[in-house]
Amino acid sequence: MAVAKKGEPTTDYSAYTAGAENLIELLVQENVGWATSIAKAVARAWNLDWQLDGLDGGAYEALLFCARRFDPTLGIPFRGYARRRIHESCTEEARKSKAWQQSTGAGSGDEDEQEARELSARIFDLFPELRDGFLPAAITTSAEGKEESSDMASDAGGIKSSIKQLLTGASLISAFSESTTNNQENIVDNKRMIEFLATLEPIHQDIISAIYYQGQSMRALAEAWELDDLSIVREHKEIIDYLSKKLGNEKTPAIGQLKVRRGLRTKSIDMKRKKELGFFSKIVEPA
Amino acid sequence: MTKKISETGNIAGASKVDSVSSLEQLEKIDKLRELTGISSVGRISGLSSEGIAPVGTRITSENQQEVIEAIDKEAKKLFEGKRIPRQRQKTITDAIKMAVMAATIKDEE
């Protein structure tokens, strides 16, 4: 049974019908303060005004949308269901706001801050669990050598591993962003990064290039490859976790090659059979 | 735990199980005629985590500072000895801090 968190309403909605006006009204009334808190959190992080920049409107709109679609018979807590969409709506409003648009202009003075904002907005696309208020799950290796995701609510090791994943993901986005590739200073580092990525399995290289270089969503990539979304999400997580370990311990040879998980094995075997090179291998070893 | 039972001969009325009080490990069942209740299951093997999206540590207003400090610490370790320009290191670190802050809901304000 789901346990209500601090401040979360404990109302039993099971007697209500999905989409009924009285349920929508009750949900909005009980959760409007919470939705506003999401808008304020986003505004605070990006140095915006939650009201002037329209984040409150975005939060309310998404709250109403979720309240209309919420089905109490499914047994999912409303906030668990609605949080990601409300957060998404707030970040969309933030990116549309005048304050955001004006700071992207050349010579605006705070270009570095704006670059960090843009990067953090992309981080949400790659690690959507952040929108739900969770750090990415740390991946640990069990005694039997199997990879498991950790569930360490207060474990500093878990936090450390999650942060390494975020840093690696952000470094990759940054490495392939236009402002970085145009900068002479970054060329040497990017060359090293590409050489390093070229050592990955071809399928892993293609996942990284699709998401970070071509800006494709994981869902779009899964559709293009006719695979399940979760296979790509899980594989991406494994790649990032592997890269964070490798990049953090370049002198440690103990970390072997990352294996392709079951969900993508057929596609990977197919690529190898056709002798297809991965995206970064093609750059490093041109035909 | 599995115990070997030998020479059972013919046990009358053994075709029906009313309840199982404890089950340590279950690997394979050929045929089950009737089962009315199971009170405790010790372990079920063969379940895969494939298809279940894992979640990590929840970010709260209580642990936000700890997370922010860990970002600085891990960034320092990751960037040490690498030729990543200092400004780019700062942008990456700031972006993650922003994402963490934007993900932390303070109690309804």
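Atoms considered below: every heavy atom in the structure, side chains included; atoms not considered: hydrogens, waters and symmetry mates. First the proteins, then the strands, lettered A, B, ... as listed; each starts at 1.
- When Leu78(B), Ile96(B), Asp94(B) are compared by the number of non-hydrogen pairs under 4.5 Å with chain A, Ile96(B) comes out ahead.
- The pair Asp241(A)-Lys237(A) does not meet the salt-bridge criterion, since no charged nitrogen lies less than 4.0 angstrom from a carboxylate oxygen.
- The contact between Arg83(A) and chain B is made entirely by side chain atoms (from C-beta outward), counting heavy-atom distances below 4.5 Å.
- Within the 4.5 angstrom heavy-atom criterion, no atom of Ser162(A) approaches chain B.
- Asp229(A) meets the side chain to side chain donor-acceptor pair (under 3.5 Å) test with Arg219(A); sequence neighbours excluded.
- The existence of a salt bridge linking Arg84(A) and Glu129(A) is excluded, since no basic side-chain nitrogen approaches an acidic carboxylate oxygen closer than 4.0 Å.
- Environment of NZ in Lys267(A): crowded, with over 12 heavy atoms of neighbouring residues, nucleotides or ligands closer than 6.0 Å.
- For Asp132(A), the part sitting under 4.5 Å from any heavy atom of chain B is the backbone (N, CA, C, O) and nothing else.
- From Glu93(A), atom CD reaches atom CH2 of Trp100(A) across 12.5 Å, with rounding to the nearest 0.5 Å.
- Chain A forms more heavy-atom pairs under 4.5 Å with one residue of Ala75(B), Ala95(B), Ala103(B), Ala70(B) than with any other, namely Ala95(B).
- The parts of Leu166(A) that come within reach of chain B are both its backbone and its side chain, each placing non-hydrogen atoms under 4.5 angstrom from that chain.
- Gln51(A) is linked by a side chain to side chain donor-acceptor pair (under 3.5 Å) to nothing, counting only residues two or more places apart in sequence or in another chain.
- For chain A, the option among Gln87(B), Lys77(B), Lys73(B) with the highest count of heavy-atom pairs below 4.5 Å is Gln87(B).
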